[in-house]
Amino acid sequence: MSRQDHIREFAAQALSEGRVDYFIGWKEGFNPSEVIPAFVKEVAQVDQLLWNPLCHHNLVTFLKRNMPDPPEAKIGVCVKGCDSRTLVALLQEQLVDRERLYVVGVPCDGIMDRRRLEKEFAEEIVDIAFSEKGQVVVTTRSGEKREFDQQAVLLDMCTRCRYPNPLYADDMAGPAVPEPDREESQPDWSDLADYEALSDDGKQELLARIYATCVRCFACINVCPVCVCWDRCVNRSRQPELVSQKVETKSNLLFQMVHMFHVAGRCPSCGACDRACPVEIPLYLLHRKMNKELYDMFGFEPGTKLDEKPVFQVFNLADQFGD
Amino acid sequence: MATKFLASEQLPALLEALARDARLVIPAKSDGLVQFDIWELRKEVELQVLLARQSPKEWVFPQCETYLRFEYAMAAPEETQDGASGVAPAGVAPAESAPAQAAPAIPHETIQLESLNEAPRQVIFGLRPCDVRGFVQMDRVFGGYGGFYFDPLYNARREATTLLAVTCREPRSTCFCTAVGGSPAGQEGVDALLTEVGGGFVVEVLTAKGEAALAAAVSAGFLSDAGEAQVAEAVRVKTAASAKVDSPFTLEGIRENLRANFADDRWHDLCLRCISCGTCTYVCPNCYCFNINDSLVETEGERYRTWDNCFNPQYTEETSGHNPRAHKANRFRNRFSHKFWYYPEKYESLLCSGCGRCIMHCPTRIDIREVLRVMGAPAAAPSEGVAAAAAPAAASSATSPVADQSASTEGKEA
Amino acid sequence: MAERPVKIIGIVCNWCSYAGADTAGVGRYKQPPNVRLVRVPCTGRIDPLFALKAFEKGADGVLISGCHPGDCHYSEGNYYARRKFELAERMIHHLGIPKERFRWTWVSASEGQRWQQVVTEFVAAVEKLGPREGRAL
Amino acid sequence: MRIGVFVCHCGTNIAGTVDVAAVAERALTLKDVVHADHPMYSCSEPGQASIQAAIKEKKLDRVVVAACSPHMHEVTFRRCVEGAGLNPYLFEMANIREHCSWIHDDKQAATEKAWEIIRMAVAKVRQLEPLYSHEVEINKDVLVIGGGVAGIQAALDLADAGLKVTIVEKETTIGGVMAKLDKTFPTIDCSACILTPRMVDCAQHENIELMTYCEVEKVSGYVGNFTVDIRKKAAMVDWDKCIGCEICVQKCPAKAPDKFNVGLEPTKAIYIPFPQAVPKRAAIQVDYCRWFQQGKCRVCERVCPAGAVDYEQKDQIIQKRFGAIVVATGLEVFPWEQYYHEYGSGKIKDVISGLQYERMLNASGPYGGHVHRPSNGEEPKTVVFVQCVGSRDESVGRPYCSSVCCMYTAKQALLTKDHCGMDTEVYVFYIDIRATGKGYEEFIKRVQTEFGVKYVRGRVSKLYEENGKVIVRGIDTLLGEQVEIAADLVVLASGIMAAEGAKELAQKLNISYDEFGFLKEGHPKLRPVDTNTAGVFLAGACQAPKDIPATVAQASAAASKVVGLLAKDKLKTSPMIAVVDQKNCVSCWKCIEVCPFSAPEKQEVRPGEFKSHVIETVCQGCGVCVATCPVNCISLKGFTTDAILDQIEEALLV
């Protein structure tokens, strides 16, 4: 039984037994190259649900404050490994009600970097198909077809994944995938190496270029599953005006730093913000770095243990920081 | 007006000529992203990728513009009789004497204002007919149409802008310009339209502005008169392109249907995956909402406006904290209703040119076509369990936050 | 024209470091005049974003100081704060703001001399880098 | 807004380095500043009068005084502006003395800096709002946790002051550790003789309620209004009926360890710790009772003349309200057996702890005050005392000095000579002698000279049995040589720890404790009996090891603090506290998580909708919650984010 079949079966069961008001999974978007979040309310619709390496959306986003509709809805949701860590982060702080959730874990082999594929073509991609042999076949609107090795076009973060299997789930869609021995191995932060090798001025120049592009659409913040302030985001506040409403490089960067500091210790770098940014700002440079430093400081990986608290809401007398 | 031909290899020379006496804005690729930018900074014009990530809207209606600076000039206060208070700065005009009982006025505070309106002459090259229609549709709201507000900032810039559009040879599956009255080779608002044919572009000069912008290129010989075969090929290209654009919904009765579906629960279903960000409005060629901010530091300040969007939870929030559009679904409904109902009602024009950017760039690919197919169609029969058309607002207000306000309030938008 | 003097924002807790700076004053421990102090009740009150905000507004350096661990007037504020400052320090450097421009430390109410030393050293370090102009943040 | 700025000369203290007149003049160019002056001494009477006059004449609504440190005169000037009818919190001080004129020599640089400091103060004062203290009703009953000498003293002082006091004690009797002691140093007073009358006083005092065999289960509320759940443990004896006749104890067939006698001899499963117990009531140690363990016996029930035994008794939770709490949970003796394997881990019979020796010495102890070797019952001829067992020893995680062992060892050495004869050989191994109390040093001298106790400076490295003796091997660091003594009895001066459960109690009370479990005072110098939770005070060894006089002194100090606190009918709270703008609260509860005082609480604003709310009387105004709140919906009055950001921005306007 494929993972997709498992998901459909779990969804159908939960819906038919009335355990959930709706079930969130993934389905095909406006063409087969696009996958979008699916909100299934009836058993008859479960066949929409699919599972493939395009299912990048972190559906935990739809559980956070003010998202469930109606607010007290009982919700079924699919989570990948990285998604589950954001769910754990929310559960650590009781920011979602466990009792109203039904979680289907989906072990994951890695998600496509669709944007990288888009850049391979001037034209629009209308179909992405997956062969048994780990090949990806991409078709454009005018019919051009090209094959890629699936492993070569994964999201960069997926190639460094330490948690491919969901850490929290009520049911699991099929067997676990192999995962690294986390006792033995350290997280791989080499994606930051190029940036970190830059001089201070080099970093500032690069940031100036990157953040000139930001349009303050709030996609990064609103899509962020652990960012729960939503309509009350301090980035919108004019009193106090911590971040100027002026859209310019400095305040754009500060805007993003506000987000980073507010999710510090709770963000597991699921990458939802990177993928949502309409102007493709490499936000991973900030959240991955933050997580690298938190790992260095505390040996802490956000959202991995249910009984843990985010590191900035607790302290340890024995902390060895400062002089 | 004239129809010219531009050989492909002459394109750089044309751009150089255009940039000579105006700011030239072109779609260019940087870090893999196509955005409109100043030609001097990125000289490779990108016409292969159909649509720049964002529309060229910001070049006429910037995301953030300071249009007023002010300064409080602090003269000295009224002199006191009391010598002990010490400070008696020189060169201060004595204040008007205030009535003995009232609090002393603050005569030493005057304000100086300086209004700013930069409208450099500019040419936007390489935009698409839908982008141009974005401007044309937006012109009404800023241009005083129907006796409403005239925005000097927008109009000065619009006036100084020449739009040289390029026909879409290969429309995307997300394009729906024809459904909203446009075309991949639409000429509305276009100053000159370039259509790519074998060996170059057929250039249709459509307005005096277009003619003026291209005059230098004509006299320098970059542009020759187009041949009949070239013109004919251009017509074929246009026809073929038009055929590739889907017509995913009908405008017929859309206003009435949106009105009838105002309190329909399906708004909630459609927006379940919406994250209420502003991406769709910020990539849109004609979403024009803005916000005004003052900033004051010590005695100097400025007033600037920035783009705003109806998905912003604070968009309609009142000072009291009450928000008539408290729920995401209320805000979601606004965007579509505004474009296809409220705006048309007030300005007699749609507010959508069918570029499809909102579909392509929405983080969850919310599809305006789907929304209009569902909500722009006649209300569902009551048997399907949707309380809407027949029993409007009052009946469903108990269960549906969408119904919190009446349609007429919404209709006053913009 | 000579370079402008560097400007440093100091954010200090009321009970220890502000009082330590007072003690330095009482002891006439001379210091360079580049630091402007903002008094807050506790380092726990300090949002690391204040430091970023100061850099955004053109500070050449930011100095944060509070009670030594264990001495917090509110018993726990600096324990929370030191975690935040440590991350802030690392992230600020990540943004291309040289390490030397951000310092956080502990100075007690009695440590006037230490306050003098901290200020003198920090100003010297920032002066070595000079004023910051036209940066991304 | 109408701001007045006063730039103080402070004689030449400021004016010597800062051009105060020029700065005052420049201040008038600042937005909203309508008045500026430069008094010679702002804090003097004429200085204050000029400020008050300006407030009235110029209708000032904000005042900045640029002078010395706010730690010096903030209170002075707040009162001054209040005297002129202005809210005292619409005032801000710019420190241009300690932070400027006194630390700079260059007049131009100092003047420029003073100008900027004043601008920052003006920027801040613009953001200030009038603040008002609130008053809350207070409950005047006091809870004393712990019925040792500290708790007893505090309770008696409080009761004498007319306050109702409840003592909660986890054992069946009050008395604590002091009740176990034989004599007290340096006076060799009988411990029981001085303590038991106090215990009786407690029992008889009309304002004191004794709740023994009880523990604090839960604490909520805040200063003036604590609600405490107290668990009354089941004694299996109805204490209303029990008359303390001890017949049950005599007839009980089951033996049980005797905590009171530190395990020297067993007691019975039903027990009364000691004859002078207050209240003198029996309780059953269920774990050792034959009825509870084997289902037969019920001897006590049969013999009890009062019919008090009740095997069905259950724990009860009693809820009470208090205005203040004194914590006096006392100490525990370091369990040396678990750490000092070189001393035989407790397996050598003739090696005992200091507290065990106290019981041995005591006439009402298990041996009637007769000192003998536990191994064979003979009177020892050679007794060795070893100090600093579990004190000043990093290797067992006890780096601190237990403060009392030097003195009690000297006392016990003296008593040994007294009990066993002057010819008894008595040795004391020590690191340093700490005899800092009144008459202490003289006492040590007396023990050494008059009683001939031999003091050996050095640690004992090993204790082992050989030929019926305990061989004490150590080093005499003064002579620099190994020493070996064949002792009949070895007494270890085991150190002091915080009482078991102190940490858990501290968590319930929301007060801090150190790494050893000792409770933390508000300030080590200036608030030694306060805690950081308003309304909770400390007395005795729960705070740090201390002897009886220090304990009693602290207990009285705590009592007087409570009396001071409860002398008012209402409590005035500081208005510089955190306040939640509930409109913006996103109910993430991070504020609750981080607050050191449990000031924020969940408040139901609409049915089912909870928002954060800061309890005014509990908030101490540290602002940790403010910096943690992601939406900035908590503001700290007087230190708002706006005020801080404006100061930063103003300082950076070049």
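Every chain is numbered from 1, with letters handed out A, B, ... down the list of sequences. Nothing here was measured: the structure is a model prediction, and the numbers come from that model.
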Quiz item: Taking side chain as C-beta onward, heavy atoms only, is R135(C) less than 4.5 Å from L207(A)?
Solution: no
Quiz item: Any side-chain heavy atom of K292(A) within less than 4.5 Å of one from R90(C)?
Solution: no
Is there a donor-acceptor pair under 3.5 Å between the side chain of [X] and the backbone N or O of [Y]?
X       : Y       : value
R82(C)  : G322(A) : no
H94(C)  : L285(A) : yes
E293(A) : L87(C)  : no

Going from [atom1] on [X] to [atom2] on [Y], what distance comes out if it is rounded to the nearest 0.5 angstrom?
X       : Y       : atom1 : atom2 : result
F321(A) : W104(C) : CZ    : CH2   : 7.5 Å
M91(C)  : M260(A) : CE    : CE    : 7.5 Å
D319(A) : E86(C)  : CG    : CD    : 9.5 Å
I97(C)  : Q204(A) : CD1   : CD    : 5.5 Å

Quiz prompt | Residue selection (most heavy-atom pairs with chain C, distance under 4.5 Å) from D296(A), L253(A), L242(A) | solution = L242(A)
Quiz item: Do you know which of T249(A), L294(A), L317(A), V243(A) has the most heavy-atom pairs with chain C at a distance under 4.5 angstrom?
Solution: L317(A)
Self-check item: Parallel, tilted or perpendicular: rings of F315(A) and Y80(C) (30°, 60°)
Solution: perpendicular
Quiz prompt | Residues forming a ring-ring contact (aromatic ring centres under 6.0 Å, His included) with Y295(A), sequence neighbours excluded | solution = none
Contact origin within [X] toward chain C - heavy atom pairs under 4.5 Å:
X       : value
V314(A) : both
A264(A) : side chain
L198(A) : neither
N252(A) : neither
S199(A) : neither
E241(A) : backbone
E205(A) : neither

How far apart are the closest heavy atoms of [X] and [Y], and which atoms are they?
X       : Y       : result
K250(A) : L137(C) : O-CD1, 3.5 Å
L49(C)  : H262(A) : CD1-NE2, 4.2 Å
M257(A) : L52(C)  : CB-CD1, 3.6 Å

Of the backbone (N, CA, C, O) and the side chain (C-beta and beyond), which part of [X] lies under 4.5 Å from a heavy atom of chain A, both, or neither?
X       : value
P69(C)  : neither
R132(C) : side chain
H93(C)  : both

Quiz item: How about E133(C): does its CD atom have over 12 heavy atoms from other parts shown lying under 6.0 Å from it?
Solution: yes
Self-check item: Pairs of heavy atoms under 4.5 Å with chain A: top-ranked of F55(C), W106(C), F85(C)
Solution: W106(C)
Quiz item: Taking 4.0 angstrom as the limit, do D200(A) and K99(C) come out as a salt bridge?
Solution: no
